[in-house]
Amino acid sequence: GTMMALPPSIANLTCPGGTPPSAAVTVAVNVTVSPGNDVGSDETIVGRFRREAQTASKIRSPHVVSVVDFGTTGEGLTFLVMEYAEGKSLREVIQSDAPLNPLRAARFTTHIARGLSAAHRLGFIHPDVKPANVVIAQENGQEVAKLRDCGIVRNNEESKEDATKL
């Protein structure tokens with residue numbers, strides 16, 4: 001990712017529970033929509049971004065990169081603040097370590113299934129599950145697989161409507 005100076009309206013956000021920035025909480029900020037580009041002026045795209053961010057923010061699982069906050073700043077930047085899960089993608093792990101130990105592969109598969117289950121319990125589907133969208137993070141000295149890019153999750157009812165349009 002790129003390090004950048006954030007507008008004060010993003011830099012001064014607090015995490016759930018009111019954790020202040022001085023607590024050194026590391027997050028990833030995805031500024032998806034800005035006012036100066038075609039996307040930022042398209043209300044349909046901005047509205048979709050907000051709906052998808054709201055959907056993703058409801059999923060709570062240690063196996064899904066969590067959405068901490070989202071919104072639009074006073075400067076007109078539409079943003080998504082996510083948990084920062086440092087690690088390689090599962091794709092990178094497979095490329096560097098293949099063949100994976102069967103127990104390690106089973107652990108990753110279980111983690112991914114648990115993340116998907118958390119989304120499915122809320123009626124959401126992740127339409128792009130692939131190794132590049134899974135990060136292998138280190139937590140308490142253990143590898144943990146976490147689904148990312150859940151900002152593209154869909155409500156199951158919306159997916160059914162889309163399928164009928166084909």
Side-chain angles (χ1 to χ4, degrees), residues 1 10 13-19 21 23-33 39 44-72 78-166:
I10 294 178
L13 291 172
T14 58
C15 293
T19 305
V25 174
T26 303
V27 295
V29 179
N30 181 354
V31 179
T32 303
V33 182
V39 174
T44 302
I45 293 173
V46 172
R48 181 176 178 181
F49 174 83
R50 287 184 183 135
R51 281 191 308 279
E52 291 177 1
Q54 186 174 26
T55 297
S57 71
K58 294 176 183 177
I59 303 170
R60 296 283 177 243
S61 170
H63 303 294
V64 174
V65 173
S66 61
V67 172
V68 176
D69 198 3
F70 61 92
T72 303
T78 302
F79 66 91
L80 182 67
V81 180
M82 299 163 287
E83 160 193 7
Y84 180 70
E86 186 172 0
K88 293 181 178 180
S89 72
L90 179 55
R91 179 177 183 224
E92 293 169 317
V93 169
I94 291 169
Q95 288 174 340
S96 66
D97 298 354
L100 297 183
N101 172 292
L103 292 176
R104 186 179 184 208
R107 188 170 50 253
F108 293 161
T109 303
T110 299
H111 293 177
I112 295 164
R114 287 178 179 163
L116 289 170
S117 178
H120 292 176
R121 279 193 301 275
L122 296 172
F124 305 135
I125 59 171
H126 188 308
D128 197 25
V129 178
K130 60 186 178 186
N133 285 340
V134 176
V135 64
I136 306 302
Q138 292 288 325
E139 293 184 1
N140 300 318
Q142 299 290 317
E143 288 183 313
V144 178
K146 292 177 170 264
L147 286 167
R148 62 181 171 194
D149 289 342
C150 287
I152 59 170
V153 295
R154 303 281 188 265
N155 178 294
N156 200 24
E157 292 304 314
E158 290 174 12
S159 296
K160 289 177 186 173
E161 288 176 23
D162 288 346
T164 61
K165 293 177 186 175
L166 296 177

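Side-chain atoms are counted along with the backbone in the values below, which use heavy atoms only and exclude waters and symmetry mates.
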Side chains of Val144 and His63: does their closest heavy-atom pair fall under 4.5 Å?
yes
Closest non-hydrogen atom pair, Val135 against Ala85:
CG2-O, 3.6 Å
Could you tell me the separation between the CD atom of Gln142 and the CD1 atom of Ile136, rounded to the nearest 0.5 Å?
12.5 Å
Please report the closest heavy-atom contact between Pro131 and Ser89, naming both atoms and the distance.
O-CB, 3.9 Å
Got a sec, which residues hit side chain to side chain donor-acceptor pair (under 3.5 Å) with Arg50, two or more places apart in sequence or on another chain?
Thr72
Taking salt bridge (Lys or Arg N to Asp or Glu O under 4.0 Å) as the cut-off, I'd like each qualifying pair that reaches into residues 129-138, sequence neighbours left out, listed once.
Asp128-Lys130
Would you check if Val134 and Phe108 make a side-chain contact, meaning some heavy-atom pair closer than 4.5 Å?
no
Suppose we screen for side chain to side chain donor-acceptor pair (under 3.5 Å). Which residues come up paired with Ser57, at least two apart in sequence or across chains?
none
Side chain to side chain donor-acceptor pair (under 3.5 Å) partners of Glu139, counting only residues at least two apart
Lys146
Sorted by first residue and then second, give each salt bridge (Lys or Arg N to Asp or Glu O under 4.0 Å) pair with at least one member in residues 91-106; sequence neighbours left out.
Asp97-Arg104, Arg104-Glu143
Check side chain to side chain donor-acceptor pair (under 3.5 Å) between Ser117 and all other residues, then give those that pass, not counting sequence neighbours.
Arg121
Using the rule side-chain contact (heavy atoms from CB on, under 4.5 Å), only one of Leu116, Ile59, Val64 pairs with His126; which is it?
Leu116
With a 4.5 Å limit on heavy-atom distance, are the side chains of Leu147 and Asn133 in contact?
no
So, for His120 and Phe124, which heavy atoms are closest and what is the spacing to 0.1 Å?
CD2-O, 3.0 Å
Here the pair of heavy atoms bringing Arg60 nearest to Val67 is NH1-O, 3.8 Å
Looking at Leu103, is its backbone amide N or carbonyl O close enough to the side chain of Asn101 to form a donor-acceptor pair, meaning the two atoms are under 3.5 Å apart?
yes
